[in-house]
Colleague: 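Quick one: the structure is below, questions incoming.
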Amino acid sequence: MKIREATTRDLDAVESLLSANDLPLDGVKENFSSFVVAEDNGEIAGAIGLEKFGSVALLRSAVVSPEYRGSGVGRKLVEQLLERASDEGIEELFLLTTTAEKYFPRFGFSPTSRVAVPAVVKTSAEFQGACPDSAVVMTRRITSDVKARS
C-alpha cells in the first residue's frame, strides 16, 4: 500500500470510488491537486482531499474502498492529510460527515456548529448543498497540534 499525492490520472478512479460510496463529487475536480490517495497494486483503495481557504481548510471526500476498511488505510490517509495541512500553514480544519462522526475524534476532531464555521469555508460546494444540512460539522486546530508531535 502506497500513500501518495493524487495525480490527474487518478481523478476518474477517485470519482468512481466516491460515487460508489454515495459521496458528493461537487468540487472534487477543482480541488484535486490537494488530494492524497492510497494505491495498492495499481488500484486506488482510498482518497482524501483538502479544500483550502487561506489559513483554514475543509477536509473532504474521505473514502476507503470497502475491501480495505479496517486495514488502517483510512488512518494513514487522514494522518497524511493532517501533516500536509500543517506543512501548508493551515491553522484550522473543518469537515462535514453523515457517517463518520465517531471516526474523526481519534484524530482530534470535535463537533462544532455551522455558525462557528468561517464564512469563506461555507462557500465550498459541500456547504452549499453537496452535503445535507443534517451532516455533522467537526473541527480541529492544526498548526500547533501537528507540529508539536514532530
Side-chain angles (χ1 to χ4, degrees), residues 1 3-6 10-11 13-38 44-150:
M1 181 68 58
I3 306 296
R4 61 172 175 77
E5 290 186 19
D10 301 318
L11 181 59
V14 170
E15 286 183 334
S16 292
L17 188 56
L18 290 167
S19 292
N21 287 277
D22 298 319
L23 293 169
L25 299 180
D26 306 56
V28 170
K29 185 176 184 177
E30 295 81 0
N31 294 286
F32 203 64
S33 63
S34 294
F35 271 64
V36 175
V37 296
I44 299 300
I48 194 167
L50 191 65
E51 189 169 344
K52 297 178 278 187
F53 302 93
S55 65
V56 295
L58 183 65
L59 181 155
R60 56 163 303 137
S61 308
V63 64
V64 174
S65 184
E67 58 267 26
Y68 289 93
R69 290 185 188 149
S71 70
V73 171
R75 177 184 50 78
K76 290 176 186 173
L77 287 167
V78 174
E79 288 172 349
Q80 181 66 38
L81 195 77
L82 290 173
E83 186 175 308
R84 179 180 231 183
S86 177
D87 290 347
E88 294 183 14
I90 301 300
E91 295 174 8
E92 190 167 14
L93 194 54
F94 294 87
L95 66 83
L96 289 165
T97 183
T98 58
T99 60
E101 64 273 5
K102 292 185 181 353
Y103 180 73
F104 284 101
R106 70 188 75 181
F107 301 102
F109 284 90
S110 58
T112 191
S113 68
R114 286 179 183 259
V115 174
V117 177
V120 68
V121 176
K122 291 178 186 174
T123 66
S124 72
E126 289 199 349
F127 272 94
Q128 293 295 311
C131 287
D133 289 341
S134 60
V136 174
V137 182
M138 301 184 87
T139 186
R140 181 194 195 280
R141 297 289 303 164
I142 294 295
T143 305
S144 59
D145 292 348
V146 175
K147 286 184 179 173
R149 287 189 274 141
S150 301

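Every value quoted in this text rests on a predicted model; they were computed, and no experiment measured them.
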Colleague: What is the distance from atom CZ of Arg4 to atom CD1 of Ile44, rounded to the nearest 0.5 Å?
Modeller: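 Going from the CZ atom of Arg4 to the CD1 atom of Ile44 covers 5.0 Å.
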
Colleague: Mind checking whether Asp10 and Phe35 have side chains closer than 4.5 Å, heavy atoms only?
Modeller: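 Side-chain contact under 4.5 Å: no.
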
Colleague: Is there a side-chain contact (heavy atoms from CB on, under 4.5 Å) between Glu5 and Arg84? Walk through the geometry before answering.
Modeller: CA-CA 10 Å; Glu5 290 186 19; Arg84 179 180 231 183; 3.2 Å; yes

Colleague: Within this structure, what is the CG-CZ distance for the pair Leu58 and Phe127, rounded to the nearest 0.5 Å?
Modeller: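 Leu58 atom CG to Phe127 atom CZ measures 6.0 Å (nearest 0.5 Å).
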
Colleague: Compute whether any side-chain donor of one residue and acceptor of the other, for Ser124 and Glu126, lie under 3.5 angstrom apart.
Modeller: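 Their side chains do not contain a donor-acceptor pair, so the 3.5 Å distance test is not met.
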
Colleague: What's the separation between atom CG in Leu95 and atom CZ in Arg60, rounded to the nearest 0.5 Å?
Modeller: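 Answer for the CG-CZ pair, Leu95 versus Arg60, is 12.0 Å.
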
Colleague: Kindly indicate, with the supporting measurements, whether the criterion side-chain contact (heavy atoms from CB on, under 4.5 Å) is fulfilled by Leu11 and Val28.
Modeller: CA-CA 9 Å; Leu11 181 59; Val28 170; 4.0 Å; yes

Colleague: Looking at every heavy atom in both Leu25 and Ser19, which two are closest together, and how far apart are they?
Modeller: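 Here Leu25 and Ser19 meet closest at CD1-OG, 3.5 Å.
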
Colleague: How long is the span from the OG atom in Ser61 to the CG atom in Asn21, to the nearest 0.5 Å?
Modeller: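 Answer for the OG-CG pair, Ser61 versus Asn21, is 11.5 Å.
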
Colleague: What is the distance from atom CG of Leu59 to atom CG of Leu93, rounded to the nearest 0.5 Å?
Modeller: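 Answer for the CG-CG pair, Leu59 versus Leu93, is 5.0 Å.
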
Colleague: Would you mind reporting whether Ile142 and Leu82 have side-chain heavy atoms less than 4.5 Å apart?
Modeller: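 A side-chain contact under 4.5 Å exists here.
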
Colleague: For a quick test of reading the model, state the closest non-hydrogen atom pair linking Tyr103 to Gly74 and the distance between them.
Modeller: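 Nearest heavy atoms, Tyr103 then Gly74: OH-C, 3.1 Å.
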
Colleague: Look only at the side chain of Arg141 and the backbone of Gly108, and say whether a donor-acceptor pair between them is shorter than 3.5 Å.
Modeller: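 The answer is no, because no donor-acceptor pair under 3.5 Å joins these two groups.
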
Colleague: NZ of Lys29: more than 12 outside heavy atoms within 6.0 angstrom?
Modeller: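 No, NZ of Lys29 has 12 or fewer neighbouring heavy atoms, counting only those of other groups under 6.0 Å.
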
Colleague: Find the distance between OG (Ser110) and CE (Met138) and round it off to the nearest 0.5 Å.
Modeller: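 Here the interatomic distance stands at 6.5 Å.
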
Colleague: Can you find a pair of side-chain heavy atoms, one from Val117 and one from Val56, that are under 4.5 Å apart?
Modeller: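 They are not in contact (no side-chain heavy atoms under 4.5 Å apart), so the answer is no.
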
Colleague: Do Met1 and Tyr68 pass the side-chain contact (heavy atoms from CB on, under 4.5 Å) test, and can you show the C-alpha distance, the side-chain angles, and the key distance before you say yes or no?
Modeller: CA-CA 10 Å; Met1 181 68 58; Tyr68 289 93; 3.5 Å; yes

